[in-house]
Amino acid sequence: MIEFIDVRKTYGGEIAVNGVSLRVETGELCVLLGPSGCGKTTLLRMANRLVEPTSGTIMIDGEDIMCSSPVELRRRIGYAIQSVGLFPHRTVAQNIATTPELMGMAAGKIAARTDELLSMMNLEPARYRDRYPSQLSGGEAQRVGVARALAADPPLLLMDEPFGAIDPINRAEIREEFLALQRRLRKTIIFVSHDIPEALFLADRIALMRSGNIEQVGAPPELIASPATEFVKRFFGGDRRMLLLETTRVAEMTIPPAGPGNPRAAIAAESTLREALLALMSGDGEHLGIHDGNGGMLGEITLGDIQRHMALAMRADGEPRR
Amino acid sequence: MSLLDFLHEYDQSLLIALGEHLRLVGIALLIAVAAGVPTGAWIARGEHRAGPVLLAANIIQTIPSIALFGLMIPILAMVNHGIGFLPAVIALILYAQLPVIRNTRVALRAIPPATLDAARGLGMTERQIFLRVALPLAAPGIVAGIRIAATMSIGVAAVAAYIGAGGLGIFIVRGIQTTWDMMTIAGAVGIALLTLVVEIALGIVQRMLTPKGLRVRGGGR
Amino acid sequence: MNELFPFFADHLKDIGLRLGEHVRTVGVALLLAIPLGMGIGIALSRGWARRIRGPVFYLLGLGQTIPSLALLALAVGLLGIGVVPAVIALLLYSILPIARNCYTGIQSVPDAAVDAARGLGMTQLQILRSVQLPLAGAYIIAGIRTATVVAISAGALASLIGAGGLGDFIFAGISLYRPEEMLAGAIPTALLALGADFGLSLLEKRLERWRR
Ligand SMILES: Nc1ncnc2c1ncn2[C@@H]1O[C@H](COP(=O)(O)OP(=O)(O)OP(=O)(O)O)[C@@H](O)[C@H]1O
Ligand SMILES: [Mg+2]
């Protein structure tokens, strides 16, 4: 768990981060989202003291980060950035081994850990271990960057647009892999992005920032359906209903129990409303079965249920609450 | 008398002169590197310092070598070292500053900021960042500067024969004084060959110090 | 040191004479080196020179590493004593920086500018004269600046092979151990080099600004 308490950062007279308070729970992936220059990177870099706050407190698991030396603190926190910053003179394996080496882990253990991480990143260890960064594609380099951040198995990860430098197709792929990995590892992650689909896809919660302030914090559907300010509403653009469909999972709706007779089609509760809608429209029945992914039926929904959920979610047509 | 006969007859004195030449250049370069690399690193960190330092090094570099000797001798004469090894070594050290400082600065500044940021973010100390990341990456550029300084120093050391510092330049001094062309040419050829050998040898060192990761490209995807 | 000023005063005419010789030797060498160096630079920038470009620059670069004293000494061996071998040695020595910078300058001209000129119907020669060379001006001046400093320095050594110049004072001063005479040569030589370097740096800056 990491907590920012009234954290400010000014450069000269310029305010970069303006008294932000934010709490990211253990195992949660919180995306810092917002336009360029709003202070995302600055806020993130204060967590491992690459930037020292002008005022305010940052606590990790209840301990003020100012109590440990920056170097010691950083070795306990994973760090991955957009430009990757792989060391060009070290092989992939040596890059990943950086923090474990700094922490004095035994060589044998490091080698095993490196291979484990490469496999975890879908990079075949035997093929990639001894390559140099110049021999990697952009996507591969970013995977290595993430592996390096994970190397010492830190409970907390700071990621600044770690998938920012790759093309959209590979980006979607690496994003999915990463989400699957996070479901398994349950790290506490602060993830900077200025890409709306990426944020909606990955975030447990989004903190939407604007010129040094957090405008709203909440789960993706919450921000879309009930924006706290005009800025939040506009940020997600005109087609918020579509976004809501794409980000809300069926499990989040009230699912009525199944009626008599088996519905023709069924879909996992993990699916999005958009997928449910498509299934409903392409299937021939009025009802769509919902299963829990392990064979258990949870109930069934109709087009009307989705409509009702959407109407409720976007109360008052999603006018800002203030 | 052919050049070969000359070389045969004077092989001993040529070797001694070569030794003197190498000693002068070697000592000067060691000191120049010990002073210039930290200076280059220092101005790479604070850009506002770069202007004055590079200007000073550039002015020294612009002064013709024989004029620098002419300026230094009267000054060093006050401490009874007007001619000989000391003024020569000082001049060589001064001349070597510009290439060493400039190349060190350029090589360090060429390291992508993201690389250094990542190193810091992963928990390296400033010392570890310098020794494990910055220095290996900047090494080829720094050696390139030393290489320039070395070839230049060999040339200036040749002129230093005129102020009694010995070395291969002595053959040119004597050859011109006595209008014995063979001796002049032997000195000139010796110095030229020495320069080429050192230039090529340091080129090899430069290549060896270039991290493999900077040499390989697009290995196989 | 006290003798310095009287010596200067007494030998003002001599100093002027040697300075004149120095400037003459260096000037003639540069006047020849500039067209030659630019010619080589321009030639190597042409498409047909692609193959020989690398080797030519490598050879010129190796030639440049040969110390000026050695080159002057070789010139004596081959051509004898006097102003002519000195000018030739200085000339050879000045060509590389000019050629290399001229080539780099032409390469630095954006392809778009050359394309545009071609589109306007300019011939190769017109493009070279009114687009590439003017845009490469700052680079070319930088090369001439390097060449000038190198030539002034080598020009001081040229006194050894009978070409006169300010080196006469320095070498005489050293061999007779007369500090005032050394300084009478060394100070004007240093000032000449620094002055030329500074003057050409101003010209270079001016051309750079005009480029933008
Ligand atoms: N070292 C610095 N010195 C001065 N100002 C800075 C510094 N770092 C950041 N800033 C300023 O602070 C503000 C926030 O910068 P920050 O890098 O946190 O933005 P960001 O939200 O990460 O933007 P982006 O999406 O473009 O990466 C910007 O206005 C920026 O110019
Ligand atoms: Mg940023």
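Here is how names work: the chains are called A, B, and so on, in the same order as the sequence lines, proteins then strands, and each is numbered from 1. Note that these values count all heavy atoms, side chains included, but never hydrogens, waters or copies made by symmetry.
Across B:Ala114 and A:Ser83, no two heavy atoms sit closer than the pair CB-OG, 3.4 Å. Between B:Ala118 and A:Arg148, the shortest heavy-atom distance links the atoms CB-NH2, 3.2 Å. The two residues B:Arg120 and A:Arg74 have their closest heavy-atom pair at O-CD, 2.9 Å. Closest approach of B:Met124 and A:Arg75 over heavy atoms only: CA-NH2, 4.4 Å. When all heavy atoms of B:Leu214 and A:Pro88 are compared, the pair lying nearest together is CD2-CB, 3.6 Å.
Open room surrounds CZ on B:Arg45; 12 or fewer heavy atoms of other groups in view lie less than 6.0 Å from it. No more than 12 heavy atoms of other residues, nucleotides or ligands lie within 6.0 Å of CD in A:Glu14, so this atom counts as exposed by the packing criterion.
The contact between A:Tyr132 and chain B is made entirely by side chain atoms (from C-beta outward), counting heavy-atom distances below 4.5 Å. Within the 4.5 angstrom heavy-atom criterion, only side-chain atoms of B:Leu137, from C-beta onward, approach chain A. Contacts of B:Glu126 with chain A are absent, with no heavy-atom separation under 4.5 Å from either backbone or side chain. Residue contact with chain B, scored on non-hydrogen atoms closer than 4.5 Å, involves the side chain of A:Arg45 exclusively.
The only member of B:Leu116, B:Leu122, B:Ile111 that meets side chain to side chain contact (heavy atoms under 4.5 Å, CB included) when paired with A:Phe87 is B:Leu122.
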What do the steps show when you test B:Val133 against A:His89 for side-chain contact (heavy atoms from CB on, under 4.5 Å), and what is the final call?
CA-CA 8 Å; B:Val133 180; A:His89 60 305; 4.3 Å; yes
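Of the residues considered (A:Ile81, A:Leu73, A:Ile77), A:Ile81 shows the highest number of contacts with chain B, using heavy-atom pairs under 4.5 Å.
Rounding to the nearest 0.5 angstrom, the gap separating the CD atom in A:Glu101 from the CZ atom in B:Arg132 is 6.5 Å.
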